[in-house]
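Dropping a structure here in structure tokens format, bear with me for questions.
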Amino acid sequence: MGSLRPVDLIVRAEWIAVAVGAIAAYAFAGGSWPLFVLLILAPDLAMLGYLAGPRFGAFVYNMLHVLIWPLVMLAIGLSAGHALVTQIAFIWIAHIAIDRALGYGLKLATSFQDTHLGRIGHDKS
């Protein structure tokens with residue numbers, strides 16, 4: 001990725017705010033920090049989908065890196081009064097927000113490095 005445009009900085013700042021909010025909500029919900037450390041990178045296990053090829057890998061990775069699923073989980077956890085479900089949802093939201101703040105987007109079927117935010121990594125040119 002090249003230099004960031006001002007609008008990119010604004011979007012990244014928004015995602016930082018979401019990450020901070022999710023982490024604060026997790027703490028407020030009484031979440032365990034060892035559980036947080038254990039699960040914060042769990043959505044990245046979806047990278048294993050790339051063992052079956054880039055199209056399948058992108059699908060699996062993207063399914064675990066869109067906000068809809070942790071938001072549904074959060075709604076279920078809150079409405080059912082289930083603290084652990086709520087806490088896991090906050091961890092998942094924090095993971096997605098941190099990824100976006102760092103510039104990691106949803107994957108395109110062409111390559112793991114190709115995302116909706118642009119190409120990640122260094123090109124060997």
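This one's a predicted model, so the numbers in the text were calculated from it and none came from an experiment.
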TODO: Flag yes if L64 and L45 sit in one hydrophobic cluster, no otherwise; membership is Ile, Leu, Val, Met, Phe, Trp, Tyr, and two members link when side-chain heavy atoms are under 4.5 Å apart.
DONE: no

Open item on the list: According to a hydrophobic-cluster definition based on side-chain heavy atoms being under 4.5 Å apart (Ile, Leu, Val, Met, Phe, Trp, Tyr only), do L67 and W92 belong together?
Closed with: yes

- [ ] With rounding to the nearest 0.5 Å, note down the distance linking CD1 in I93 to CG in L74.
- [x] 5.0 Å

Task: Gap separating the OG1 atom of T110 from the CZ atom of R55, nearest 0.5 angstrom - done: 9.5 Å

TODO: Can you see which heavy atom on A52 is nearest to which on F56, and at what distance?
DONE: CB-CD2, 3.6 Å

Open item on the list: Applying a strict under-4.5 Å side-chain criterion to I, L, V, M, F, W and Y, I'd like to know whether V60 and V66 cluster together.
Closed with: yes

Open item on the list: Quick check on W69: does its CH2 atom have over 12 non-hydrogen neighbours (other residues, nucleotides or ligands) under 6.0 Å away?
Closed with: no

TODO: Measure from the side-chain N and O atoms of N62 to the backbone N and O of L106, and report whether any donor-acceptor pair falls under 3.5 Å.
DONE: no

TODO: Please report the shortest heavy-atom distance between A109 and P54, naming the atom on each side.
DONE: O-CB, 3.2 Å

Task: Nearest atoms (heavy-atom pairs only) where P70 meets A89 - done: O-CB, 3.5 Å

Open item on the list: I'd like to check P43 versus I96 (side-chain heavy atoms, cut-off strictly below 4.5 Å). Are they in contact?
Closed with: no

TODO: Could you tell me which residues satisfy side chain to side chain contact (heavy atoms under 4.5 Å, CB included) with V72, sequence neighbours excluded, listed by chain and number?
DONE: I68, I76

Open item on the list: Using side-chain contact (heavy atoms from CB on, under 4.5 Å), reason through D99 and D44 one step at a time and then give a plain yes or no.
Closed with: CA-CA 10 Å; D99 270 7; D44 285 339; 4.1 Å; yes

List, one per line, each side-chain donor-acceptor pair under 3.5 Å for residues 31-41, sequence neighbours excluded.
from	atom 1	to	atom 2	distance (Å)
S32	OG	L35	N	3.2

Task: Closest non-hydrogen atom pair between A97 and A19, with its separation - done: CB-N, 3.5 Å

TODO: Under the ring pair (Phe, Tyr, Trp, His ring centres under 6.0 Å) rule, collect the residues that match up with H65, sequence neighbours excluded.
DONE: Y61, H95

Task: Members sharing I16's hydrophobic cluster (side chains within less than 4.5 Å) - done: V20

Open item on the list: Nearest 0.5 Å, please: how far is CH2 in W15 from CD1 in I98?
Closed with: 11.5 Å

TODO: Identify, with sequence neighbours excluded, every residue that meets side chain to side chain contact (heavy atoms under 4.5 Å, CB included) alongside A29.
DONE: Q87, F90

Task: Partners meeting side chain to side chain contact (heavy atoms under 4.5 Å, CB included) with F59 (sequence neighbours left out) - done: M63

